[in-house]
Amino acid sequence: QVQLVESGGGFVQAGGSLKLSCQASGDTFTTYAYTTGWFRQAPGKEREFLVARRWSGGEALYAESVKGRFTISRDNAKNTIFLQMNSLKPEDTAVYYCAATRAVRSSWREVGVYNYWGQGTQVTVSS
């Protein structure tokens, strides 16, 4: 069992930066067995994949829409993953979620393969 809690959302002007956090809890061995990802959902739109990476390390998988602007990282000691978001645009406004899955890399973009989700944190980018 894995529990995820996001934080760090807020208001920012276009061109600014925010860093989101997602703290995972549960059995440490179980946590390391998972891939963690970030998604977002804007009003009236489907949930969108942003980035994912195995908790144990390895190459991250980024959506083209955020590649070069967003970066995933982790602090193993704190069981926390981060999403550094730079050069934010008004169209980045959404609720941001972290999630966990044990699916293979080829499925990481699919919402349905993620078993655990956080409650979400709102990011609003003003123009």
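As a basis for the values below, the full set of heavy atoms in this structure was taken, side chains included, without hydrogen atoms, waters or symmetry mates. From a predicted model like this one, the values you see are computed outputs, not experimental measurements.
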Visitor: For V125 and T93, which heavy atoms make the closest approach, and how far apart are they?
Guide: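 Looking at all heavy atoms of both residues, the shortest contact is N-OG1, 2.9 Å.
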Visitor: Taking the six-membered ring of W38 as reference, does the cationic atom of R53 (NZ for Lys, CZ for Arg) lie under 6.0 Å from its centre and within 45° of its axis?
Guide: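 Negative - R53 is either too far from the ring of W38 or too far off its axis.
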Visitor: Should the pair Y96 and F70 be assigned to parallel (<30°), tilted (30 to 60°) or perpendicular (>60°) ring geometry?
Guide: tilted
Visitor: Are the side chains of M85 and V123 in contact, using a 4.5 Å heavy-atom criterion?
Guide: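 A side-chain contact exists here, since the closest heavy-atom pair is under 4.5 Å.
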Visitor: Between T35 and A52, which heavy-atom pair has the shortest distance, and what is it?
Guide: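 Of all heavy-atom pairs spanning T35 and A52, the closest is CG2-CB, 4.0 Å.
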Visitor: Going from OG on S25 to CG on L4, what distance comes out if it is rounded to the nearest 0.5 angstrom?
Guide: 7.5 Å
Visitor: Provide the full list of salt bridge (Lys or Arg N to Asp or Glu O under 4.0 Å) pairs with a residue in residues 57-74, sequence neighbours left out, each pair given once.
Guide: E64-K67, R69-D92
Visitor: If you group Ile, Leu, Val, Met, Phe, Trp and Tyr by side-chain heavy-atom gaps below 4.5 Å, do V51 and V113 land in one group?
Guide: no
Visitor: Which pair of non-hydrogen atoms, one from A60 and one from I72, has the smallest distance, and what is that distance?
Guide: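 What the structure gives for the nearest pair is CB-CG2, 3.8 Å.
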Visitor: Return yes if a side-chain donor-acceptor contact under 3.5 Å exists between S65 and E48, otherwise no.
Guide: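 Judged by distance alone, the side chains do pair up.
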Visitor: Under 3.5 Å, is there a donor-acceptor pair linking the side chains of S17 and N86?
Guide: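 A pair is found: one side chain offers a donor N or O, the other an acceptor, under 3.5 Å apart.
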Visitor: Would you call Y116 and T101 a side-chain contact if the rule is heavy atoms closer than 4.5 Å?
Guide: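 No - every pair of side-chain heavy atoms lies 4.5 Å or more apart.
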Visitor: Looking only at non-hydrogen atoms, find the nearest pair between N115 and R102 and report the distance.
Guide: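 Of all heavy-atom pairs spanning N115 and R102, the closest is OD1-N, 4.0 Å.
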Visitor: So how far is it from S106 OG to L61 CG, rounded to the nearest 0.5 Å?
Guide: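 Answer rounded to 0.5 Å: 10.0 Å.
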Visitor: Hey, what do you get for OG (S7) to CG (L20), rounding to the nearest 0.5 Å?
Guide: 8.0 Å
Visitor: Which pair of non-hydrogen atoms, one from T80 and one from S21, has the smallest distance, and what is that distance?
Guide: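 Minimum heavy-atom contact is CG2-CB, 4.1 Å.
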Visitor: Which residue, Y62, W108, Y114, F39, forms the ring-ring contact (aromatic ring centres under 6.0 Å, His included) with F49?
Guide: F39
Visitor: Does R40 qualify as a cation-pi partner of Y97, given the criterion of NZ or CZ under 6.0 Å from the six-membered ring centre and within 45 degrees of its axis?
Guide: no
Visitor: Quick check: do L88 and L18 have side-chain heavy atoms less than 4.5 Å from each other?
Guide: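 L88 vs L18: side chains touch.
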Visitor: Can you find a heavy atom in the side chain of F82 that is under 4.5 Å from one in the side chain of T71?
Guide: no
Visitor: Quick check: closest heavy atoms across A42 and A94, and the distance to 0.1 Å?
Guide: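 Smallest heavy-atom distance, with atoms named: N-CB, 3.8 Å.
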Visitor: Between E6 and W117, is any pair of side-chain heavy atoms under 4.5 Å apart?
Guide: no
